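All remarks here apply to the structure that follows.
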Amino acid sequence: MAKKNKKKATAAASARPTPDGRGPNQFQRTYTILDYRLEKPHFTLRQVRDGGTIRYEVEGKLDAPVPPIRESEYLDKKQSIEIYRWMLLNRKMETALENLYKQGKVVGGVYFGLGQEACSCASAYALKPDEWLGPMIRNQGSLLVRGFSPRDIMMQYMAKAGSPTKGRDASSHFGDIEKRNVVAPISTLGDLIPVLAGVALGARLQGRNIAVMTYIGDGGQSTGVTYEGVNFAAVQDLGLVLFVENNLWGYSTPADMQFRVKDLAERAIAYGIPGVIVDGTDACQIYDAAHGACERARRGEGPTLIEAKMMRMKGHAIHDAAEYVPKPLFEYWRKRDPIARFENYLVSVKKWLTPTENRELVAGVDRQLEADREFAVNSPMPTPESAAGGTYCENGCHEIRPKYGMPKVRTGKSLGLKQTEAAVHLK
Ligand SMILES: Cc1ncc(C[n+]2csc(CCOP(=O)(O)OP(=O)(O)O)c2C)c(N)n1
Ligand SMILES: [Mg+2]
């Protein structure tokens, strides 16, 4: 008997792949990461110590030709033009905010999503109105898509009485749980992920599978709560659509010094969920990946992790001139500007917009922004006495009702799950 076992063990051992990789490979595991990109940028960032100073150098193929926009499997002409308009509004609103800051009208800092407009706008565009979004600071475009106006965001940065937080916060910490289904950004990186997973669980308990979308950066994805949140969503098959925005920098630390995996989408393998890579400067790729992930969420099949590769084209916030970023890296990504490329796609490739229609569209965005800027600048600051109100309600006049109420589902039947699975899902 012992002899027989020994033989088996030897057979198993000899079946292992040999270190040179030529041995039998039935133990070899292979996983697929869907990669939508038409270009795979290849460069590395190195930290160089130069006497007492530290700088970064970029090495790689920086003169590669700019790839075309990948045709969407889902977006039609009208939808594509709408996304393009959101992206323009996003960019031009941030330019207006920068000017307001320089005029001393902004209280606090300003954060920009320059170069990331396609990621913010085309992702949020894939959600249905009754689904949920949890944006981060660079996703001001997502806020616009969900129904906040540029004047809301401008008033917020100027801490005006009419701003979403009525002047109590001068940054991005606002949402709307009543109408727009937007969870306010949480500064502690990663914390939005379990919150959004919880929103999906809440909907599940009402008998519905919905898509919930949030974002995390290349720096923030290393936090423990990111792991906990995604893992929870994975085991419960919750419809979390997580965009990992790999913009190559977390503050002044390059992505190459943040993690050891080649692509952050590989993290999905360890969670046991699908991982997708997209070019974060291509609105069609962003939308298609988001749409696929949302549909999967709606079918109750669980979360998806989408890594969007792009570049933070400004510093961390307005105070940061990003001088540590090697200039050739900016030049490389400037050629991949998401708006210029999408404009070229719509006007020259698809011919969905004539040059005149495009000019009119851009002028319309400018007009809207000018009106909103005027409104925001001329709107009043909060009165000092208002600071004492609105935080705690003592009269019972601000009852916050749960949006979904008590659980309606006791089994997962309505979700098409087997009873045994239902028990797990509703635990
Ligand atoms: C848990 C946690 N650690 C540190 C910070 C401070 N912090 C705020 S933004 C930031 C950099 C984030 O980089 P990344 O996640 O790549 O996002 P990006 O700013 O590039 O969009 C850091 C370290 C924080 N807010 N939360
Ligand atoms: Mg980053």
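Note that the structure is a prediction, hence the values are computed from the model and not measured. Read the numbers this way: they start at 1 and go in the same order the structure lists the ligands and their atoms. One-based numbering along the sequence shown.
Close approach of ligand 1 to Asn247 (heavy-atom distance below 4.0 Å) involves ligand atoms 18 (P), 20 (O), 21 (O). Below 4.0 Å from some heavy atom of Trp249 lie the following atoms of ligand 1, by number and element: 16 (O), 20 (O). Every atom of ligand 1 with a heavy atom of Gly220 under 4.0 Å away is listed here by number and element: 14 (P), 15 (O). Of all atoms in ligand 1, listed by their number and element, those nearer than 4.0 Å to a heavy atom of Gly217 are 14 (P), 15 (O), 16 (O), 17 (O).
Checked by distance only, ligand 1 and Gln221 stay at 3.5 Å or farther apart across all their nitrogen or oxygen atoms. Not one N or O of Thr223 is nearer than 3.5 Å to an N or O of ligand 1, by distance alone. Not a single N or O atom of Arg312, backbone or side chain, sits closer than 3.5 Å to an N or O atom of ligand 1. Annotation: Thr188 places no N or O atom under 3.5 Å from an N or O atom of ligand 1; distance criterion only. Among the atoms of Ser187, some N or O lies under 3.5 angstrom from an N or O of ligand 1.
The option from Gly190, Gly219, Gly113 that lies nearest to atom 14 (P) of ligand 1, judged by heavy atoms, is Gly219. Looking at Ile137, Thr226, Leu189, it is Leu189 that brings a heavy atom closest to atom 1 (C) of ligand 1.
From the protein, the heavy atom lying nearest to atom 9 (S) of ligand 1 is His316 CE1, 3.3 Å. At the shortest separation from atom 6 (C) of ligand 1 among protein heavy atoms lies Tyr251 CE1, 4.2 Å. Looking from atom 13 (O) of ligand 1 to the surrounding protein, the closest heavy atom is Gly250 CA, 3.2 Å. The protein heavy atom nearest to atom 21 (O) of ligand 1 is Arg138 NE, 2.8 Å.
Of the inter-residue distances, the one linking Ser386 atom OG with Met381 atom CE reads 10.0 Å to the nearest 0.5 angstrom.
Aromatic ring centres of Tyr227 and Tyr271 lie closer together than 6.0 Å. Aromatic pair Tyr332/Phe43: ring centres closer than 6.0 Å.
Of the possible polar contacts, none joining the Glu245 side chain to the Ser120 backbone as a donor-acceptor pair under 3.5 Å is found. A side-chain donor-acceptor contact under 3.5 Å links Asn181 to the backbone of Asp130.
Remark: Arg180 is positioned above the aromatic ring of Phe148, its terminal NZ or CZ atom under 6.0 angstrom from the ring centre and at most 45 degrees off the axis.
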Quick one, Gln156 with Arg168, criterion side-chain hydrogen bond (donor to acceptor under 3.5 Å, both in side chains). Give me CA distance, side-chain angles, the key distance, then yes/no. CA-CA 9 Å; Gln156 176 70 15; Arg168 285 173 177 73; over 6 Å; no
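No side-chain heavy atom of Met158 sits less than 4.5 Å from a side-chain heavy atom of Ser163.
With Lys309 as the partner, the salt bridge (charged side-chain N to carboxylate O under 4.0 Å, His left out) test is satisfied by one option alone out of Asp279, Asp35, Asp263: Asp263. Here the options are Tyr125, Tyr74, Tyr36, the test is ring-ring contact (aromatic ring centres under 6.0 Å, His included), and the partner is His291; only Tyr74 passes.
Taking backbone and side-chain atoms together, Asp218 has an N/O/S atom less than 2.8 Å away from the Mg ion (ligand 2). Within the coordination shell of the Mg ion (ligand 2), defined by N, O or S atoms under 2.8 Å, Asn247 is present. Note on Leu248: not counted as a metal contact of the Mg ion (ligand 2), no N/O/S atom lying under 2.8 Å.
The shortest heavy-atom distance from Glu245 to ligand 1 is not under 4.0 Å.
Taking the six-membered ring where tryptophan is involved, the planes of Tyr84 and Phe342 are perpendicular, since the angle between them exceeds 60° and thus also 30°.
Side chains of His173 and Ser187: a donor-acceptor N/O pair is present below 3.5 angstrom, by distance only.
No part of Met136 comes within 4.0 Å of ligand 1, judged by heavy-atom distances.
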